[in-house]
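A short write-up of the structure that comes next.
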Amino acid sequence: MASPRAPRGMHDTLPEDADLWRHIRDTAERVARLFDYQQITTPIVEDASVFLHTAGDESDIVQKEVYLFDDRGGDRLALRPEGTAAVCRAYIEHGMSSRPQPVRLFYFGPFFRYDRPQAGRYRQLWQFGAEAIGTDSPAADAELIDLQLTLYRELGLEGLTLRINSIGTAETRRRYAEVLRAHFEPHIGTLSRDSQRRFETNILRILDSKEDLEHPAVQSAPSILEHLSDEDREHFEAVQTHLRALGIAYEIDPRIVRGLDYYARTVWEVEPPGAGGQSTIGAGGRYDGLMEILGGPSTPAVGFATGIERVALNMRERGLWQAASEHVEVVTVPLGDGGTAFAAKATRILRDAGISVRSGLAGRSMRAAMRGAEASGATWALIVGDREAEAGVVQLKPMRAEADQREVRLDDLVSAIRELR
RNA sequence: GUGGGUGUGGCCUAGCGGUUAAGGCGUCAGGUUGUGGCCCUGAAGAUCGAGGGUUCAAAUCCCUUCACCCACCCCA
């Protein structure tokens, strides 16, 4: 009986929201081009293996968040839960390793995760992301961070915190996990249930548990930074050197980890002040291992993604965006059959001249039509009755200024408006 | 996935066991002959998220379910 609603965790973007979204997207694309990143658009669905094999079997994405389905031909497809793996698939498929390296790409689009919705977390979410593929240079890591922070600055978001960490290579993490296992083993009974689960599934995650934040064993846990290889450490220090050269402030947070297996070395997150639950507005990292998992040649790469809903949320909270949509310039008020026909003619002429016009529909009383004209927010009302039609003129009435209404010949209408606006 | 909160016309809210569910905003129409914004009048629009149950009687109590919100988990 109940009318259908948008699927859980998915939302319509109404006209009053569209302007903010367009502004964010336009700004993101502009900033990307400032850094010479080029747009890539990949399908919203991929062969399921693109995500399932790359994310790591223990990750939540694989365990429960991917929308999976078989199409009519029996192919196993997935709604994309993230962008990086899809971009890498495209990189391999189109032989981009034969382009000048690194290949700098950005994307903007919807992603899907079957997750329990809450503020700032949706089942359909939009992300802007950028990737530099084909370089292990720490300068590339810093460049992506710079691009990301530039975007936030251009949007007016200030006071953000950049936290960075190095999680080393997969090999480094294997060794570190052993160290952690030895460290937590004696305390496992006193840890929270979640941490006990993580002890088995992803022991690094115990470190950023909110529940066990104050637990002495967590406080005293060895830092991954002490277990980096020499190459890892040099890379991480070089990233920091580049950041300082760019004048970018950062905090080192050894507790940042990642759910996805293909990450390596640098990882980072950006949070707004007063961070609460779903607060991270963007995060990035290096993923040197991903290409090989996808069957391509070993190719180092680094990138980030930022959540558009979370960016929009922050902008609204800080009053950086008031719903101030652009109004149409002209609204017509047609009266009578002759007036209606003549108004249509005037409308055509104005639109051909690039002037936006909202057609007032015939058949209403003039009072009603004028009320509608008022509500449209238009700068001018164009009143066209049979009298005007016969004389070849229109009444041009300013709706927002104190100036008088004036009669204008149809031939002079465009120039009259251009002169006055 | 776990725990908690909320759910009344498009929006905000009143009503919290008992006659036809009230108000504001918004929408539409009208306020004499071709002119808006203020004001006035009127209209449309709610089986009170949905489905069960208790009761002579339920928007009001109970159960289930769905959705949203908050925290955890995870992540953007």
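Chain A is the first sequence line, chain B the second, and so forth, proteins listed ahead of strands; every chain is numbered from 1.
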| Which value, in whole Å, describes the distance between the P atoms of nucleotides B:C48 and B:U20? | 14 Å
| Can you check the A:L313 CG to B:C69 P distance for me, whole Å? | 10 Å
| When the distance from CD of A:E269 to P of B:C74 is rounded to whole Å, what number comes out? | 12 Å
| note | So CZ of A:R123 and CE of A:M10: to nearest 0.5 Å the spacing works out to 7.0 Å
| task | Using the P atom on both, measure B:C70 against B:C12 and round to a whole Å. | result | 15 Å
| request: Would you mind listing every ring-ring contact (aromatic ring centres under 6.0 Å, His included) that reaches into residues 140-176 of chain A, with sequence neighbours excluded? | output: A:Y176-A:H227
| Any pair counted as side chain to side chain donor-acceptor pair (under 3.5 Å), so long as it reaches residues 342-353 of chain A, sequence neighbours left out | A:R348-A:D352, A:R351-A:S359
| query | In whole Å, what separates the P atom of B:G23 from that of B:G36? | reply | 29 Å
| said: I'd like to check the side-chain contact (heavy atoms from CB on, under 4.5 Å) partners of A:A362; sequence neighbours left out, ordered by chain and number. | reply: A:P334, A:T340
| message | Measuring only between side-chain heavy atoms, which start at C-beta, is A:F342 closer than 4.5 Å to A:V394? | response | yes
| field | Spacing of A:D115 atom CG relative to B:A71 atom P, expressed in whole Å | value | 14 Å
| message | In this structure, how many angstroms lie between the P atom of B:C73 and the CG atom of A:D194, rounded? | response | 6 Å
| field | Whole-Å C1' distance, B:G24 and B:G15 | value | 15 Å
| note | Judged by nearest nucleotide, the residue sitting upstream toward the 5' end of RNA chain B, A:A6 or A:I308, is A:A6
| request: Check the distance between B:A76's P and A:N314's CG and give it to me in whole angstrom. | output: 16 Å
| request: Using the C1' atom on both, measure B:G10 against B:G53 and round to a whole Å. | output: 32 Å
| query | So does A:E143 pair up with A:R104, basic N to acidic O under 4.0 Å? | reply | yes
| said: Between B:A22 and B:G45, how many Å separate the two P atoms, rounded to a whole number? | reply: 13 Å
| request: Could you please name the option among B:C72, B:A29, B:A76 that lies closest to any side-chain atom of A:R364? | output: B:A29
| Between A:H11 and A:T306, which has a closest nucleotide on RNA chain B that is more 5'? | A:H11
| request: Return no unless some side-chain N or O of A:R121 is found under 4.0 Å from OP1 or OP2 of B:A76. | output: no
| field | Separation of B:C74 P from A:F112 CZ (nearest whole Å) | value | 24 Å
| Does A:D141 pair with A:R286 as a salt bridge, N-O distance under 4.0 Å? | yes
| query | To the nearest angstrom, how far is A:L14 atom CG from B:G26 atom C1'? | reply | 15 Å
| request: List in chain and number order the residues that pass ring pair (Phe, Tyr, Trp, His ring centres under 6.0 Å) with A:Y37, two or more places apart in sequence or in another chain; answer none if no residue qualifies. | output: none
| remark: ring-ring contact (aromatic ring centres under 6.0 Å, His included) pairs touching residues 4-30 of chain A, sequence neighbours excluded, are A:H11-A:Y122, A:W21-A:W126, A:H23-A:W321
| Per A:A119 side chain, nearest of listed nucleotides B:A67, B:A76, B:C70 | B:C70
| field | Protein proximity profile, nucleotides 33-42 of chain B - base contact B, sugar-phosphate-only contact S, no contact -, cut-off 4.0 Å on heavy atoms | value | -BBBB-B---
Set out, line by line, the N/O atom pairs under 3.5 Å between protein and nucleotides 2-4 of chain B.
residue: B:U2; atom: O4; partner: A:R116; partner atom: NE; Å: 3.4
residue: B:U2; atom: O4; partner: A:R116; partner atom: NH1; Å: 3.0
residue: B:G3; atom: O6; partner: A:R116; partner atom: NH2; Å: 2.9

| message | Once you apply a heavy-atom cut-off of 4.0 Å, does A:G9 come out as touching a base, just sugar-phosphate, or nothing? | response | sugar-phosphate
| said: Quick test of your reading: applying side chain to side chain donor-acceptor pair (under 3.5 Å), list the pairs with at least one residue in residues 39-50 of chain A, sequence neighbours left out, ordered by first then second residue. | reply: A:T42-A:R80, A:E46-A:R89, A:D47-A:S49
| side-chain contact (heavy atoms from CB on, under 4.5 Å) partners of A:D253, counting only residues at least two apart | A:R163, A:R255, A:I256
| request: In whole angstrom, give me the gap between the C1' atoms of B:U60 and B:U8. | output: 11 Å
| Stems where RNA chain B pairs, listed by first number, each of three or more Watson-Crick or G-U pairs under 3.5 Å | B:1-7 with B:66-72, B:10-13 with B:22-25, B:27-31 with B:39-43, B:49-53 with B:61-65
| field | No-H, no-angle donor-acceptor pair, A:Q118 side chain to B:C72 base, under 3.5 Å | value | yes
Could you give the side-chain donor-acceptor pairs of residues 217-226 of chain A under 3.5 Å, partners two or more places apart or in another chain?
residue: A:Q219; atom: NE2; partner: A:L213; partner atom: O; Å: 2.8
residue: A:S220; atom: OG; partner: A:P216; partner atom: O; Å: 2.9
residue: A:S220; atom: OG; partner: A:A217; partner atom: O; Å: 3.4
residue: A:S223; atom: OG; partner: A:L225; partner atom: N; Å: 3.0

| B:G49 phosphate, OP1 or OP2, under 4.0 Å from A:R5 side-chain N/O | no
| request: Would you check if the side chain of A:R173 reaches a backbone N or O of A:I167 as a donor-acceptor pair within less than 3.5 Å? | output: yes
| message | Can you check the distance between B:G51 and B:A29, where both ends of the measurement are the C1' atom (answer in whole Å)? | response | 39 Å
| message | Base, sugar-phosphate or nothing for A:F111? Non-hydrogen atoms, less than 4.0 Å. | response | nothing
| task | Assign A:R193 to base, sugar-phosphate, or nothing according to its heavy-atom contacts below 4.0 angstrom with the strands shown. | result | nothing
| field | Nearest-Å distance for atom pair CG/P, residues A:L144 and B:A76 | value | 14 Å
Could you give the side-chain donor-acceptor pairs of residues 365-385 of chain A under 3.5 Å, partners two or more places apart or in another chain?
residue: A:S365; atom: OG; partner: A:A368; partner atom: N; Å: 3.1
residue: A:S376; atom: OG; partner: A:A373; partner atom: O; Å: 2.7
residue: A:S376; atom: OG; partner: A:A378; partner atom: N; Å: 3.1

